[in-house]
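Quick notes on the structure that follows.
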Amino acid sequence: MPHLLRTLPFAALLLLAATSCRAQPAAPTPDADLQTAIEATVDGFEGVVGVYVRHLPSGRTAELRADSLFPTASMIKVPILVATFQRIEDGDLDYGADLVFRDSLRYSEYDLFGDLRDGAEVPLHQAVELMLSASDNTASLWLQRLSGGGTAINTWLDGHGFEDTRVNSRTPGREAARAVYGWGQTTPREMAELMRRIVEGEAISPAADEEMHRLLTRTFYDDEAVAVLPPSVQAATKQGAVMESRSEVVYVHAPSGPYVFCVVTKNQTDTRYEPDNAGYVLLRDLSRLFWTTFEPDHPWTPAPGHERYRGEG
């Protein structure tokens with residue numbers, strides 16, 4: 001390696017140094033104009049809304065109930081992902097190993113993994129991929145168990161500074177919290193921070209974080225916050241939805257530098273699972289606001305007729 005470094009051109013050495021060391025994000029700095037715009041966008045929404053957004057190079061930040069508890073719905077699959085990769089990192093699980101599916105694991109007939117026959121063998125990595133890309137609940141609950149269960153996941157979260165994000169479902173002692181929040185609970189600030197750590201290599205290890213980052217960029221559900229981003233822009237994302245709540249956490253690799261945000265609702269009056277559900281519309285509206293705020297020099301307009309594919313009502 002020393003000999004290789006001596007033979008590299010100086011410009012290449014600069015590039016190597018730049019790509020091997022991530023710039024530290026700027027300290028959060030309240031953005032009054034963005035704060036006002038968020039409050040105007042949320043005004044009149046029939047439900048409770050939590051928002052946290054941070055432009056990492058500049059630190060520009062705005063928030064609304066960022067430290068209040070909200071249901072995670074399927075966003076809880078991000079902590080499950082991290083706990084699974086922690087066990088892989090520790091040597092307790094093999095990412096390429098085959099798992100044996102049993103009928104007792106089946107959660108829903110609507111899941112792809114729910115269609116597996118008893119005794120079917122599937123690689124662990126396929127369960128992880130479907131947990132994120134298709135939000136497969138059967139695969140997710142299987143991984144929750146393989147990662148040590150809700151108690152182990154919560155221990156990891158607590159040990160890494162996440163005081164409010166917790167798995168409730170199938171977790172002893174969390175029954176009361178489950179009755180209020182469902183499968184999991186979080187705050188907009190904590191869920192955004194967990195996503196930031198994964199993408200920026202601060203969660204488990206550079207290799208594990210890189211793989212989790214890649215997985216989080218491959219979602220089928222790109223008709224919510226991601227729908228209003230240019231398709232050329234990569235985003236790591238996870239969505240959640242239950243009757244009275246809609247949510248999404250997104251890390252956007254924007255041209256002027258990355259930004260991360262989490263939007264969560266609860267107590268919605270609109271409980272329909274339709275593209276124009278008020279929560280879905282709010283996710284798109286806020287995502288559009290963040291893009292136009294941080295990327296004024298990169299305007300983007302969706303193609304005519306895109307709503308047929310991207311779900312915009």
Side-chain angles (χ1 to χ4, degrees), residues 14-16 18-23 25-26 31 34 37-38 41 51-62 74-75 77-78 81 128-135 191-192 194-203 206 209-240 246-263 275-276 280-313:
L14 289 178
L15 179 61
L16 179 63
T19 55
S20 62
C21 300
R22 293 183 181 273
D31 185 323
L34 180 56
I38 289 173
T41 303
V51 180
Y52 181 81
V53 58
R54 181 179 172 191
H55 185 257
L56 297 169
S58 66
R60 295 167 63 188
T61 304
S74 285
M75 285 198 306
K77 293 163 189 177
V78 179
L81 171 71
V128 175
E129 290 162 7
L130 282 178
M131 173 178 72
L132 297 176
S133 63
S135 207
M191 187 56 71
L194 181 57
M195 178 67 85
R196 186 197 68 79
R197 290 193 198 179
I198 292 170
V199 175
E200 301 198 349
E202 300 175 12
D209 294 351
E210 181 177 296
E211 182 62 18
M212 290 191 289
H213 181 190
R214 291 181 185 278
L215 288 161
L216 286 162
T217 63
R218 301 195 289 263
T219 182
F220 173 78
Y221 297 100
D222 59 359
D223 55 350
E224 297 165 26
V226 177
V228 297
L229 301 177
S232 58
V233 172
Q234 188 185 69
T237 181
K238 188 68 195 82
Q239 311 74 22
R246 301 294 184 273
S247 59
E248 189 158 0
V249 57
V250 190
Y251 185 109
V252 182
H253 293 274
S256 68
Y259 61 92
V260 63
F261 67 90
C262 181
V263 177
D276 62 346
Y280 293 145
V281 173
L282 182 65
L283 283 168
R284 290 191 286 267
D285 287 347
L286 287 170
S287 180
R288 186 182 293 108
L289 169 64
F290 302 150
W291 176 264
T292 57
T293 297
F294 299 135
E295 295 299 329
D297 297 329
H298 297 89
W300 181 72
T301 302
H306 78 286
E307 64 275 0
R308 286 190 300 162
Y309 304 100
R310 296 279 67 84
E312 290 198 65

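Separation of atoms CG (Leu56) and CD (Glu200) is listed at 5.5 Å; rounding is to 0.5 Å. Atom CD of Glu211 sits about 9.5 Å away from atom CG of Leu81, to the nearest 0.5 Å. With rounding to the nearest 0.5 angstrom, the CG atom of Leu194 is 10.5 Å from the CE atom of Met75. Considering CZ of Phe261 and NE2 of His55, their distance stands at 13.0 Å, rounded to 0.5 Å.
Of all the heavy atoms in Leu283 and Glu224, the pair that sits closest is CD1-OE1, 3.9 Å. Nearest approach of Cys262 to Met191, heavy atoms of both residues: SG-CB, 3.9 Å. Nearest heavy atom pair, residue Thr219 against residue Leu132, reads OG1-O, 4.3 Å. Closest approach of Pro299 and Asp297 over heavy atoms only: CD-C, 3.3 Å. For the residue pair Thr61 and Gly59, the shortest heavy atom distance occurs at OG1-O, 2.7 Å. Shortest non-hydrogen contact noted between Ala203 and Asp209 is N-OD2, 2.9 Å.
Residues Val226 and Tyr221 have side chains not in contact (no heavy-atom distance under 4.5 Å, counting atoms from C-beta outward). Contact check for Arg246 versus Leu282: no side-chain heavy atoms found under the 4.5 Å cut-off.
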Using side chain to side chain contact (heavy atoms under 4.5 Å, CB included), reason through Met195 and Leu216 one step at a time and then give a plain yes or no. CA-CA 9 Å; Met195 178 67 85; Leu216 286 162; 3.8 Å; yes
Go through it in stages, so that I can follow the logic: the residues are Thr217 and His253, the test is side chain to side chain contact (heavy atoms under 4.5 Å, CB included), and I'd like the CA-CA distance, side-chain angles, deciding distance and then a yes or no. CA-CA 11 Å; Thr217 63; His253 293 274; 5.6 Å; no
Output, in order, the C-alpha distance, side-chain angles, deciding distance and verdict of side chain to side chain contact (heavy atoms under 4.5 Å, CB included) for Tyr280 and Asp223. CA-CA 9 Å; Tyr280 293 145; Asp223 55 350; over 6 Å; no
Criterion side chain to side chain contact (heavy atoms under 4.5 Å, CB included) on His298 and Ser256, from CA distance to verdict: CA-CA 9 Å; His298 297 89; Ser256 68; 5.5 Å; no
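In terms of the ring pair (Phe, Tyr, Trp, His ring centres under 6.0 Å) criterion, Tyr52 has no residue partners (sequence neighbours excluded). Considering only residues two or more places apart in sequence or on other chains, Ala134 meets the side chain to side chain contact (heavy atoms under 4.5 Å, CB included) condition with Leu112, Leu130.
Just one of Asp285, Ile38, Leu286 meets the side-chain contact (heavy atoms from CB on, under 4.5 Å) condition when paired with Val263; it is Leu286.
Other residues, nucleotides and ligands contribute over 12 non-hydrogen atoms within 6.0 Å of the CZ atom of Arg218.
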Side-chain atoms of residues 227-238: list all donor-acceptor pairs with protein atoms under 3.5 Å, sequence neighbours left out, distances to 0.1 Å.
residue : atom : partner : partner atom : Å
Thr237  : OG1  : Gln239  : NE2          : 3.2
Thr237  : OG1  : Glu248  : OE2          : 2.6
Thr237  : OG1  : Val249  : O            : 3.3
Lys238  : NZ   : Ser135  : OG           : 3.0

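The aromatic rings of Phe294 and Tyr259 sit tilted relative to each other, their planes meeting at an angle between 30° and 60°.
Not one N or O on the side chain of Arg196 forms a donor-acceptor pair closer than 3.5 Å with the backbone of Glu202.
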